[in-house]
Amino acid sequence: MQTAKHLQQIQPSYIREILAAATTEGVISLAGGLPASDHFPLSLMAEGFAKLPDTPALFQYGETPGYKPLLDYLDEHYRVASGHQMLVCSGSQQGLDLIARAFLNPGDGVAMEAPCYPGALQVFALAGASIHPVEQNPTGPNLNQLESLFASGKVKLFYAVPDFHNPTGVSWTLDVRKQVAALCREYEVALIEDAPYRALRFAGQQLPLVASLCPERAMVLRSFSKISTPGMRLGVLSAPENWLAPLLKVKQASDLHTSIPMQALLLDLLAHPAFPAHLRQLCGIYRERYQALVSALSDYLGQEAIVEPVEGGMFVWLQLPGRDPLAVAKEALAKGVAIVPGNAFFPAADSPQAESPVSAIRLNFSHETPDTLTEAVRRLASVLV
């Protein structure tokens, strides 16, 4: 059977494709955005698991927006903006897909920071959107570029990860957040704020969601994969009520509703008295692993290690001026360490929206122990030095 035309031009995810090689015995993976599996809150979930068979109603069809007790809890916990409603998704990735299918026509413009999360690139490419990359600075997007693009009338949506950006780890300053919110309001561009790493801050000061500064022009995607377990596949999308209605139509056509037993289990975990302490401990572990990675990069690579500091999340962006990231990734894998080349975070080379990718690689620090991270950098150094 002939593949649909809109799918033929979609590139497979490099990160998903490399997972098989990255899990080969003897390979240390710094490639995936994997949370620390040795610190999943399974003990806190044990009671919730045990209670599930006592509530048969959880295993019946449910309402499309989600499990109401969970929605009520999240609405209060996140202090969702007035006039906004929430929709539980099968991971925040599905939320992104629902937005693209509900609001984008082929050719509609989407502004994205460059580099950008590959899953978003795939979703928008599948929708036939015209992607408009915006240069990223250490404080956030290039505001002059962004305003010029907004003023041109070419974009309908601006997709952004303001907290611990994937792949660079950049967090927007408060001033940039305010200016982006003002631009979205002035030019009536919808902001999609993706916040999967927001709870993983281990340094610095918590800053407001950009969406909280322009709620009538914004949607927020939150993921529970990073603070519970990714295998539960749960996320939540919040949006103005009139924007949520078309999203519900697409969700109904997609999978009717997200798993109700998993939603009940998530609620039990989030409401557990020990969960806040677990989250604080997790941030402490990630701080330790981040410091171990950065220290090893300095020790083994010296001045070759061009890394901007991060205050949370899961990634660092190692710049390699003059090097071919794809060649580095291939040689590194042969040495027993999996990484992701910077090319994976830009539109495909044959895309009309393609930019010249920077010479850089993304390194994940959340999944491996400090000693293993040090060994991974030692192997990487044998390629780079």
Side-chain angles (χ1 to χ4, degrees), residues 14-15 29-36 92 112-121 133-142 159-177 180 193-207 209-210 221-223 225-227 282-298 301 304-321 325 328-329 337-346 357-368 370 373 376-377 380:
Y14 180 94
I15 299 170
S29 178
L30 307 186
L34 303 179
S92 62
M112 306 174 72
E113 289 179 282
C116 189
Y117 167 53
L121 288 169
V134 177
E135 178 186 23
Q136 187 189 65
N137 296 321
T139 58
N142 182 314
Y159 170 82
V161 185
D163 290 293
F164 319 125
H165 178 268
N166 180 6
T168 64
V170 163
S171 284
W172 297 6
T173 62
L174 179 58
D175 183 59
V176 167
R177 291 168 193 253
V180 169
E193 183 165 8
D194 201 353
Y197 314 105
R198 184 171 169 81
L200 301 180
R201 176 175 288 277
F202 50 68
Q205 181 182 3
Q206 185 86 300
L207 296 173
L209 286 166
V210 184
L221 291 166
R222 295 178 173 90
S223 171
S225 294
K226 312 301 186 287
I227 61 173
L282 188 64
C283 289
I285 290 165
Y286 287 179
R287 178 176 58 246
E288 179 186 16
R289 294 182 177 188
Y290 161 70
Q291 291 171 343
L293 177 61
V294 172
S295 177
L297 289 170
S298 177
L301 297 180
E304 294 286 324
I306 305 176
V307 176
E308 292 291 335
V310 304
E311 296 181 335
M314 293 183 164
F315 309 110
V316 297
W317 186 243
L318 177 61
Q319 298 182 53
L320 305 170
V328 170
V337 58
I339 59 175
V340 183
N343 312 61
F345 303 96
F346 291 81
V358 296
S359 294
I361 58 176
R362 190 192 74 176
L363 305 177
N364 168 263
F365 58 79
S366 58
H367 186 250
E368 302 292 352
L373 289 167
V377 173
L380 181 61

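These numbers come from a predicted model, not from an experiment. Along the sequence shown, the residues carry numbers beginning at 1.
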Under 4.5 Å between any side-chain heavy atoms of [X] and [Y], yes or no?
X	Y	value
L373	L30	yes
E288	P370	yes
F345	V340	yes
V358	F346	yes
V307	L363	no
T168	E308	no

Heavy-atom pair of closest approach, residues [X] and [Y]:
X	Y	value
V170	P138	CG1-O, 3.6 Å
A36	Y286	N-OH, 2.9 Å
V134	P141	CG1-CB, 4.2 Å
G33	K226	O-CE, 4.0 Å
V176	T139	CG2-O, 3.5 Å
L209	R222	CD1-NH2, 3.2 Å

For residues 197-204, which side-chain donor-acceptor pairs fall under 3.5 Å, sequence neighbours excluded?
{"from": "Y197", "atom 1": "OH", "to": "N166", "atom 2": "ND2", "distance (Å)": "3.2"}
{"from": "R198", "atom 1": "NH1", "to": "D163", "atom 2": "OD2", "distance (Å)": "2.9"}
{"from": "R198", "atom 1": "NH1", "to": "L207", "atom 2": "O", "distance (Å)": "2.9"}
{"from": "R198", "atom 1": "NH2", "to": "L207", "atom 2": "O", "distance (Å)": "2.6"}
{"from": "R201", "atom 1": "NH1", "to": "A203", "atom 2": "O", "distance (Å)": "2.8"}
{"from": "R201", "atom 1": "NH1", "to": "Q205", "atom 2": "O", "distance (Å)": "3.4"}
{"from": "R201", "atom 1": "NH1", "to": "E311", "atom 2": "OE1", "distance (Å)": "2.9"}
{"from": "R201", "atom 1": "NH2", "to": "Q205", "atom 2": "O", "distance (Å)": "3.4"}

*How far apart are the C-alpha atoms of W317 and Q136, what are their side-chain angles, what is the distance that settles it, and do they pass the side chain to side chain contact (heavy atoms under 4.5 Å, CB included) test?*
CA-CA 12 Å; W317 186 243; Q136 187 189 65; over 6 Å; no
Return the [atom1] to [atom2] distance between [X] and [Y], rounded to the nearest 0.5 Å.
X	Y	atom1	atom2	value
L301	L318	CG	CG	6.5 Å
N142	E113	CG	CD	10.5 Å
L34	E368	CG	CD	8.5 Å

*Applying salt bridge (Lys or Arg N to Asp or Glu O under 4.0 Å), name anything that partners R289, two or more places apart in sequence or on another chain.*
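Testing R289 for salt bridge (Lys or Arg N to Asp or Glu O under 4.0 Å), a comparison that skips the adjacent residues, returns D38.
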*F365: partners by ring pair (Phe, Tyr, Trp, His ring centres under 6.0 Å), with sequence neighbours left out*: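 So F365 forms a ring pair (Phe, Tyr, Trp, His ring centres under 6.0 Å) with Y290.
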_side chain to side chain contact (heavy atoms under 4.5 Å, CB included) evaluation trace for N364 with L293_ = CA-CA 9 Å; N364 168 263; L293 177 61; over 6 Å; no
*Mark yes or no for whether R362, through its side chain, and P341, through its backbone, hold a donor-acceptor pair below 3.5 Å.*
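Between the backbone of P341 and the side chain of R362 there is no qualifying donor-acceptor contact (under 3.5 Å).
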